[in-house]
K.L.:
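A single structure is presented below for examination.
Worth saying up front: this structure is predicted, and the values here are computed from it rather than measured. No hydrogens, no waters, no symmetry mates; every other heavy atom, side chains included, goes into these values. Counting convention: from 1, in listed order, for ligands and their atoms alike.
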Amino acid sequence: MMASYSPLRLLILVVLLFECWAVSTARSFDFYYFVQQWPGSYCGTRRGCCYPRTGKPASEFSIHGLWPNYKTGKWPQFCNPSDEFDFSQISDLVGELNSHWGSLSCPSSNGHKFWSHEWEKHGTCSLNLEQHEYFNKALALRSKIDLLGALKSAGIKPDGGDYSVSDIKEAIRNAIGEEVGVDCNVSEDGEYQLNEIYVCIDKSDASTVIKCPVYPHSKCPSTVKFPLFGDEEEDSTSSHQNTGSDEL
Ligand code: AMP
């Protein structure tokens, strides 16, 4: 005998099915982008930056995030609003996070807002990674993928000089074995500069570098500046600080 459903029960069934579909598609991503940024470029825009409360970061690439992505170029985000950032779960990582994943937005901060944003927007979309594992995996990737070392060994240095984007990509490909995505921003003087490097990572272990299924849209022209961010610069935060407040 056929079961009969009232229109209301049918509607509830359809809504439930849709929610199951939405949750499952949000969680079945294809790969991660591991994104590192050059602090000299983050700071060297008209917006400026504020150094973390722990002090001026080292002249090294630092982590922006570990982002689940689809091979279509789209990505899931904010997948589980109930899984809020909880600093107590990663407090043992705070030294490494301050050194390698510091917040540069203004006003100067302890980084919790930045880490919270990255966890809630991207980390909650990872497959089965708990907060501690998510941050730990990203920190491990940073120590494995030495972008500055790769660039320096090809003679590409953060000295304010102009470098070809294809040379930058080749230097990193020689070091890590795969092509990366490169993104640029615009300096206070209106010049394009090397801003972020995207490395593709296997979703199954969040640690193996893979060939990118898709590259991010890039604003880079063929040649870009690689700005200073080191002891060569004066060591005052004031010239980097803007007067406003960024969102993170
Ligand atoms: P996402 O939403 O993960 O794609 O990251 C973009 C946001 O991260 C923007 O609001 C940026 O201003 C912010 N952001 C990027 N790098 C940093 C950084 N080093 N410190 C603080 N905020 C950052």
K.L.:
When you measure from the centre of the six-membered ring of Tyr163, is the NZ or CZ of Lys157 under 6.0 Å away and within 45° of the axis?
P.N.:
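Ring-cation test returns no.
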
K.L.:
Below 4.0 angstrom from a heavy atom of His122, which ligand 1 atoms are there? Numbered from 1 as shown, please.
P.N.:
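That gives atoms 1 (P), 3 (O), 4 (O) of ligand 1.
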
K.L.:
Going by heavy atoms, is Trp67 under 4.0 Å from ligand 1?
P.N.:
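Contact present.
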
K.L.:
Hey, which atoms in ligand 1 end up nearer than 4.0 Å to a heavy atom of Phe114?
P.N.:
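What qualifies from ligand 1 is 14 (N), 16 (N), 17 (C), 18 (C), 19 (N), 20 (N), 21 (C), 22 (N), 23 (C).
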
K.L.:
Applying the side chain to side chain contact (heavy atoms under 4.5 Å, CB included) criterion to Ser116, which one of Lys113, His112, Glu120 satisfies it?
P.N.:
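The side chain to side chain contact (heavy atoms under 4.5 Å, CB included) with Ser116 is passed solely by Glu120 among Lys113, His112, Glu120.
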
K.L.:
For Arg47 and ligand 1, does the shortest N/O to N/O distance drop below 3.5 Å?
P.N.:
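No, Arg47 has no N/O under 3.5 Å of an N/O on ligand 1.
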
K.L.:
Give the atoms of ligand 1, by number and element, whose distance to some non-hydrogen atom of Glu118 is under 4.0 Å.
P.N.:
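Those atoms are 1 (P), 3 (O), 5 (O).
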
K.L.:
So is Gly102 touching ligand 1 or not, going by heavy atoms under 4.0 Å?
P.N.:
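A heavy atom of Gly102 does come that close to ligand 1.
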
K.L.:
Contact between Gln77 and ligand 1, counting heavy atoms under 4.0 Å?
P.N.:
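Per 4.0 Å heavy-atom rule, Gln77 does not contact ligand 1.
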
K.L.:
Does Arg142 make a cation-pi contact with Phe34 (under 6.0 Å, within 45 degrees of the axis)?
P.N.:
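Arg142 over Phe34 ring: no.
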
K.L.:
If the plane angle is over 60° it's perpendicular, under 30° parallel, otherwise tilted; pick one for Tyr134 and Trp119.
P.N.:
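The arrangement is perpendicular - the two ring planes meet at more than 60°.
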
K.L.:
If you take the nearest heavy atom of each of Pro57, Gly65, Ser103, which one is closest to atom 21 (C) of ligand 1?
P.N.:
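Checking each option, the heavy atom nearest atom 21 (C) of ligand 1 is found in Ser103.
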
K.L.:
Kindly confirm or rule out an SG-SG distance below 2.5 Å between Cys49 and Cys106.
P.N.:
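With an SG-SG separation of 2.5 Å or more, Cys49 and Cys106 do not form a disulfide.
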
K.L.:
Numbering the atoms of ligand 1 from 1, which are under 4.0 Å from a heavy atom of Lys121?
P.N.:
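Per the distance check, 1 (P), 2 (O), 4 (O).
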
K.L.:
In this structure, which one of Leu104, Asp183, Ile197 forms a side chain to side chain contact (heavy atoms under 4.5 Å, CB included) with Gln37?
P.N.:
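Filter result, single survivor: Leu104.
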
K.L.:
Do Asp189 and Ser187 have a side chain donor and acceptor closer than 3.5 Å?
P.N.:
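Result is no, nothing qualifies.
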
